[in-house]
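What you see below is based on every heavy atom in this structure, not just the backbone, and it leaves out hydrogens, waters and symmetry mates. Because the structure is a prediction, the values reported are computed rather than measured. Throughout, protein chains are lettered first and strands after them, A, B, ... in sequence-line order, and every chain is numbered starting at 1.
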There are 2 protein chains.
Amino acid sequence: MVETGIAQGSERRSEILMRATDAFVTHGYSGTSMADLARAIGIRKASLYHHFPSKEALFIACVTEGFEGAVRRLEALRSDDTLADPGRIRAAMEEIYRINLTTPVGRMSPLIAEVAPTIPEVAQAFHNGFIARHYATVTGMIEDGIARGSFAAVDPLGMQHLIFGPVITLALSREMTASFPNRDDLYPVDRIRKTHIDLILKLLIKPESSDGR
Amino acid sequence: MVETGIAQGSERRSEILMRATDAFVTHGYSGTSMADLARAIGIRKASLYHHFPSKEALFIACVTEGFEGAVRRLEALRSDDTLADPGRIRAAMEEIYRINLTTPVGRMSPLIAEVAPTIPEVAQAFHNGFIARHYATVTGMIEDGIARGSFAAVDPLGMQHLIFGPVITLALSREMTASFPNRDDLYPVDRIRKTHIDLILKLLIKPESSDGR
DNA sequence: GTCTATATTTCGATAGAC
DNA sequence: GTCTATCGAAATATAGAC
């Protein structure tokens, strides 16, 4: 168990974590110094050590706290009775795009990959706490739809990769091309999301059904 | 123009680049020191400066050389007359999986994203030289197939993301979970590739045609 | 809780012998 | 072309005043 500093849930703590997370996902773990972090937060380097005992403890807090809300929001969609199965998948994919393209959680995978060889526990915590639960929720939605007869009998594992893959890669591509003047022409989020969702539903809706075209 | 050291094409040079690239993609740019690189190559740090004038020059050489062969191999598939359109897409996807999961080129995107804010030229060079050409080749294959009447009139941009997204994300996921004992159960390459290719062909083959099921 | 000041290690890079 | 030795800057972290 790693010591992570002042009490969780504190106002000041989440303020610090927000700014630190933003710096980490932009420049990487090794590429972000404690001086950089202190500057981003607006305090001196030594003061930062009052809140967190080490850079590693601060980093672990950044990548293991704060995604609970995102996971629960997706899980709530699965048990939302007001949605039909196609509408549920559509809503889930909109949420997956939102979380991966407009919050730092979606940019954390490369960060985790960077530190995984040296801090393997952090990779475990992030994968089990965020990625695996997101995957399981969507896979469950597809299996529910198949069981209810709304969806064709597709392979849930294949669909899972077809749903998440393009979103995560899009977030990475946009990060990689952040300095390009034509980034929004190369990777137009709205258009890509719309055609992506339509193609997924085309695969899920049974061929004999008519509402899939 | 950045000075990149000893002559390109040299035997010793590509040996150094191979080992350096492997270190960079595993630990990131800032996470890899010149001492680390020298150790991986098997020489002393000072000797490394005989081959490359700076860490940045060595890094730029790593991410801008060496992918030419991969690009050309995919482009050759597009103009291969012995292949029918579905078989061509199938062969292209096999090659995309191979290059992204068994060579370092496929693990470079997170690396590029890390240094993009500080060395934007390297992001431009990698995107234009590798990513954009891969995308254009596959999009061209799809457009050729539509023009020849082999494929349904799908949106090439949407298909492009549906083809590359899952592969790049799979490479990233496997990197992130490299230390997990159950990585191959979480992300089984062969099974994911097979179902992915089958689903893509299902979308591409016209509904009235019978060879897509 | 935040600060100045500093200890200690590691970084990228250079000098110069062989 | 490779080495030992070393420089100056920047890294993580700590001591102690306020």
Side-chain angles (χ1 to χ4, degrees), chain A residues 2-63 111 114-115 117-119 121-122, chain B residues 2-63 111 114-115 117-119 121-122:
Chain A
V2 177
E3 187 53 57
T4 50
I6 61 175
Q8 267 186 251
S10 146
E11 192 92 4
R12 186 93 182 94
R13 184 188 175 92
S14 32
E15 164 85 15
I16 290 175
L17 287 183
M18 268 187 55
R19 294 179 189 267
T21 301
D22 197 60
F24 276 133
V25 296
T26 307
H27 297 99
Y29 177 73
S30 300
T32 309
S33 71
M34 288 298 271
D36 293 334
L37 293 165
R39 199 176 308 116
I41 293 160
I43 54 175
R44 293 289 175 170
K45 204 172 40 165
S47 308
L48 194 46
Y49 279 95
H50 172 79
H51 297 278
F52 295 90
S54 70
K55 180 184 174 181
E56 186 175 314
L58 170 54
F59 175 76
I60 289 175
C62 283
V63 299
L111 198 55
E114 179 198 343
V115 301
T118 35
I119 325 177
E121 320 90 70
V122 85
Chain B
V2 177
E3 188 52 59
T4 50
I6 60 175
Q8 266 186 251
S10 146
E11 192 92 5
R12 186 91 180 97
R13 183 187 176 94
S14 32
E15 164 84 15
I16 291 175
L17 287 183
M18 269 187 54
R19 294 179 189 267
T21 301
D22 197 60
F24 275 133
V25 297
T26 306
H27 297 99
Y29 177 72
S30 300
T32 310
S33 70
M34 288 298 272
D36 292 334
L37 293 165
R39 200 175 309 118
I41 293 160
I43 55 175
R44 293 288 178 173
K45 198 171 49 161
S47 308
L48 195 45
Y49 280 93
H50 173 79
H51 297 279
F52 294 90
S54 69
K55 180 183 175 182
E56 186 175 314
L58 170 54
F59 176 76
I60 290 175
C62 284
V63 298
L111 197 56
E114 180 198 342
V115 301
T118 35
I119 326 177
E121 320 90 69
V122 86

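The two atoms that bring A:Ile43 and A:Leu48 nearest to each other are CD1-N, 3.8 Å, heavy atoms only. Taking all atoms of both residues into account, the shortest heavy-atom contact from B:Phe52 to B:Leu17 is CZ-CD2, 3.8 Å.
Across the protein-nucleic acid pair, A:Glu56 atom CD and D:dA11 atom C1' stand 15 Å apart, rounded to whole Å. Rounded to whole Å, the distance from CZ on A:Phe52 to P on D:dT12 is 15 Å. Distance, B:Tyr49 OH to D:dC3 C1': 16 Å, rounded to whole Å. Atom CG of A:Leu48 and atom P of C:dT4 are 15 Å apart (whole Å). Here D:dT2 presents its P atom at 10 Å from CD1 of B:Ile41, a figure rounded to the nearest Å. Atom pair B:Lys45:NZ and C:dA13:P shows a separation of 10 Å (rounding to whole Å applied). As rounded to whole Å, 9 Å separates atom P of C:dC3 from atom NE2 of A:His51.
Regarding contacts with the backbone of C:dC3, a side-chain N or O of A:Ser47 is found under 4.0 angstrom from either OP1 or OP2. Put simply, A:His50 has no side-chain N or O that comes within less than 4.0 Å of OP1 or OP2 on D:dT14. Between A:Arg44 and D:dT14 there is no side-chain polar atom (N or O) within less than 4.0 angstrom of OP1 or OP2. Between A:Arg13 and C:dG1 there is no side-chain polar atom (N or O) within less than 4.0 angstrom of OP1 or OP2.
Looking at heavy-atom distances under 4.0 Å, B:Thr32 makes contact with sugar-phosphate atoms alone, never a base.
With D:dT12, D:dT2, C:dG12 as the candidates, the nucleotide lying closest to the side chain of A:Met34 is D:dT12. The side chain of A:Lys55 sits closest to D:dA13 out of C:dA13, D:dA13, D:dA15. In this structure, of C:dC11, C:dT4, D:dT12, it is C:dT4 that holds the atom nearest to the side chain of A:Ala46.
Distance check: A:Ile41 CD1 to A:Asp22 CG gives 11.0 Å after rounding to the nearest 0.5 Å.
Between A:Phe24 and A:Phe59, the angle of the ring planes goes over 60°, which puts this pair in the perpendicular group of the 30/60° scheme.
Ion pairing of B:Asp36 with B:Arg39 is present here, as a side-chain N (NZ or NE/NH1/NH2) and a carboxylate O approach within less than 4.0 Å.
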